[in-house]
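All heavy atoms count here, side chains included; hydrogens, waters and symmetry mates do not. So that the names make sense, note that chain A is the first sequence line, chain B the second, and so on, each numbered from 1.
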2 protein chains.
Amino acid sequence: MGTQDVSGKNGQKTAIREENERAILEAAEEVFAEYGFSGATTSRIARRAGIPKANLHYYFATKEALYRRVIDNIFTVWLEAASSLNESDHPRQALAAYIQAKMDLSRSRPLGSKVWANEIIQGAPVIQDYLENTLREWTASREAMIRRWVDEGKIAPVNPRYLLYMIWATTQHYADFGHQIATLNDGRALTDAQWEEAKKNVTEIILRGIGISA
Amino acid sequence: MGTQDVSGKNGQKTAIREENERAILEAAEEVFAEYGFSGATTSRIARRAGIPKANLHYYFATKEALYRRVIDNIFTVWLEAASSLNESDHPRQALAAYIQAKMDLSRSRPLGSKVWANEIIQGAPVIQDYLENTLREWTASREAMIRRWVDEGKIAPVNPRYLLYMIWATTQHYADFGHQIATLNDGRALTDAQWEEAKKNVTEIILRGIGISA
DNA sequence: AAAAATCTTGACCAATCGGTCAAGATATAA
DNA sequence: TTATATCTTGACCGATTGGTCAAGATTTTT
């Protein structure tokens, strides 16, 4: 993830730079999530961050450089959640933990999910290398793990790939389509209780769906 | 869906208008799917339709008017697929048919799904009234139907709403995230056989997940 | 206190945006 | 054939785009 060095002589960012970059990245995630890369404008991001546009371009030379930093952050968070799907547990615990982690991520960081969705819809012009390397390797290793579960008779015979897609699709839907879900919920976002119920339903249907009785 | 009347004295569009509007709408769906409403430009749409921009604006006065026509068409197709989830069948047949219809739609009209996804991510500035009326009523009636199945013990006790979301999310994922799926498939779109396998897996996991043994 | 590094910002740039217009080309109706 | 309606398009409009720049303000280092 090549980011140019902007640190001073002592090799660290100033407090001012730290704070301003943080504010810009926060505003940028909002705007990129809502409008996509092409639809987002640097002036809109600057306005939302509360600084002049020229100041934004002092910290991030181009819109694309800013976008890459946003994407990098999102991918890091995605990988953290991904690590919860690990070998050590039994299928039920492992998958339940992963679904929970992904659902929690959709609630705590819906903007990241939306930026990701926009990027994929556009054909992943920026993160194609992540898809072809990090994501591909992660997916292959998890597919192998799930296939082992199938071979050992621990879960029903499903194609691991399509199970993973179902988990991704369902959990991310609660972030990407949050507005539609809220509209169908009398215009209000899901309450904590509703969210828990959604998590429970999603987990139960998927686990039962692969032959693990809840 | 208020569209202004542009028909001649005898009350019908000319063949020229028919053909040109069709070409423009086709190009517009592509561009809106890829770039969203804000990111799409009328000149890009015109270029893809093979006509000068001024000619596009002769047929569609504004970008928003064109966008509304595209959205209208997509919603019509969506409703057709939705009608396959009907009362007459048993839960297994009804849900299997609906999942199949939605999967087929993701394959035959992926662009429409992407435009829809973009619109929702942006907060549905254009189709909010569809969500609040047509979609809300459709969803309520189907929720009631599924709840009856639960009460009659035909399927496991799930909240119908979250079951519907899972079906929408999973099936539409194959359109909206088609690029990611292709990348994880060695860069090639799913073959017919793979698509059938995906459909089979999705249907089986969901049906088994709500207690209907395949 | 002086020097150096860092940060701020209004003014500006060429390119592109959505959209208009008028003049001419083409098709249809009388 | 003539008249009318429809269609086509280059040129153009003010506004906004991503990005630059220079001059000054502020902070940090010496």
Would you say A:Thr14 reaches C:dC7's phosphate, i.e. side-chain N/O to OP1/OP2 under 4.0 Å?
yes
Is the shortest side-chain N/O distance from A:Thr42 to OP1 or OP2 of D:dG18 below 4.0 Å?
yes
Separation of C:dT8 atom P from A:Ile51 atom CD1, nearest Å, is 8 Å
Proximity to the side chain of A:Pro52 - top-ranked nucleotide from C:dT9, C:dC7, D:dT17
C:dT9
Test log, rule salt bridge (Lys or Arg N to Asp or Glu O under 4.0 Å), inputs A:Glu18 and A:Arg22:
CA-CA 6 Å; A:Glu18 197 88 43; A:Arg22 193 203 53 74; over 6 Å; no
Starting from P on C:dG24, measure out to CG on B:Asn55 and report it in whole angstrom.
18 Å
Using the side-chain heavy atoms of A:His57, tell me which of these nucleotides is nearest: C:dG19, D:dT6, D:dG18.
D:dG18
Most 5' of B:Ile16 and B:Ala54 on DNA chain D, judged by nearest nucleotide
B:Ile16
Evaluate the criterion side chain to side chain donor-acceptor pair (under 3.5 Å) for residue pair A:Gln172 and B:His173; output intermediate values, then yes/no.
CA-CA 10 Å; A:Gln172 288 169 200; B:His173 182 83; 5.2 Å; no
To the nearest Å, how far apart are B:Arg47 CZ and D:dG10 C1'?
17 Å
Can you figure out which of D:dG18, C:dT8, C:dG18 approaches the side chain of A:Lys53 most closely?
D:dG18
Without decimals, in angstroms, what is the distance between A:Phe60 CZ and C:dT8 C1'?
16 Å
B:Phe32 CZ - C:dG18 C1' separation (whole Å):
12 Å
Nearest-nucleotide wise, let me know which of B:Lys63 and B:Ala15 is further upstream toward the 5' end of DNA chain C.
B:Lys63
Decide yes or no on side-chain contact (heavy atoms from CB on, under 4.5 Å) for A:Trp78 and A:Tyr130, but give the supporting numbers first.
CA-CA 12 Å; A:Trp78 192 93; A:Tyr130 294 175; over 6 Å; no
Phosphate oxygens OP1/OP2 of C:dT8: is one of them under 4.0 Å from a side-chain N or O of A:Asn20?
yes
Please determine whether a side-chain nitrogen or oxygen atom of A:Thr62 lies at a distance below 4.0 Å from atom OP1 or OP2 of D:dG18.
no
If I take atom CD1 in residue B:Ile45 and atom P in nucleotide C:dC17, what distance separates them, rounded to the nearest angstrom?
11 Å
Atom CG of A:Leu66 and atom P of D:dG19 are separated, to the nearest Å, by 10 Å
To the nearest angstrom, how far is B:Phe37 atom CZ from C:dC17 atom C1'?
12 Å
May I ask you to evaluate whether B:Tyr58 reaches the phosphate of C:dC21, defined as a side-chain N or O under 4.0 Å from OP1 or OP2?
no
Pair B:Arg161, A:Asn201 - check side chain to side chain donor-acceptor pair (under 3.5 Å), show working.
CA-CA 10 Å; B:Arg161 184 173 303 190; A:Asn201 272 266; over 6 Å; no
Criterion side-chain contact (heavy atoms from CB on, under 4.5 Å) on B:Ile181 and B:Tyr174, from CA distance to verdict
CA-CA 7 Å; B:Ile181 289 174; B:Tyr174 284 84; 3.7 Å; yes
Name the nucleic acid region contacted by B:Ala40, choosing base, sugar-phosphate or nothing; use a 4.0 angstrom heavy-atom cut-off, strictly under.
sugar-phosphate
Looking at C:dT6, I'd like to know if its phosphate oxygens (OP1 or OP2) sit under 4.0 Å from a side-chain N or O belonging to A:Arg17.
no
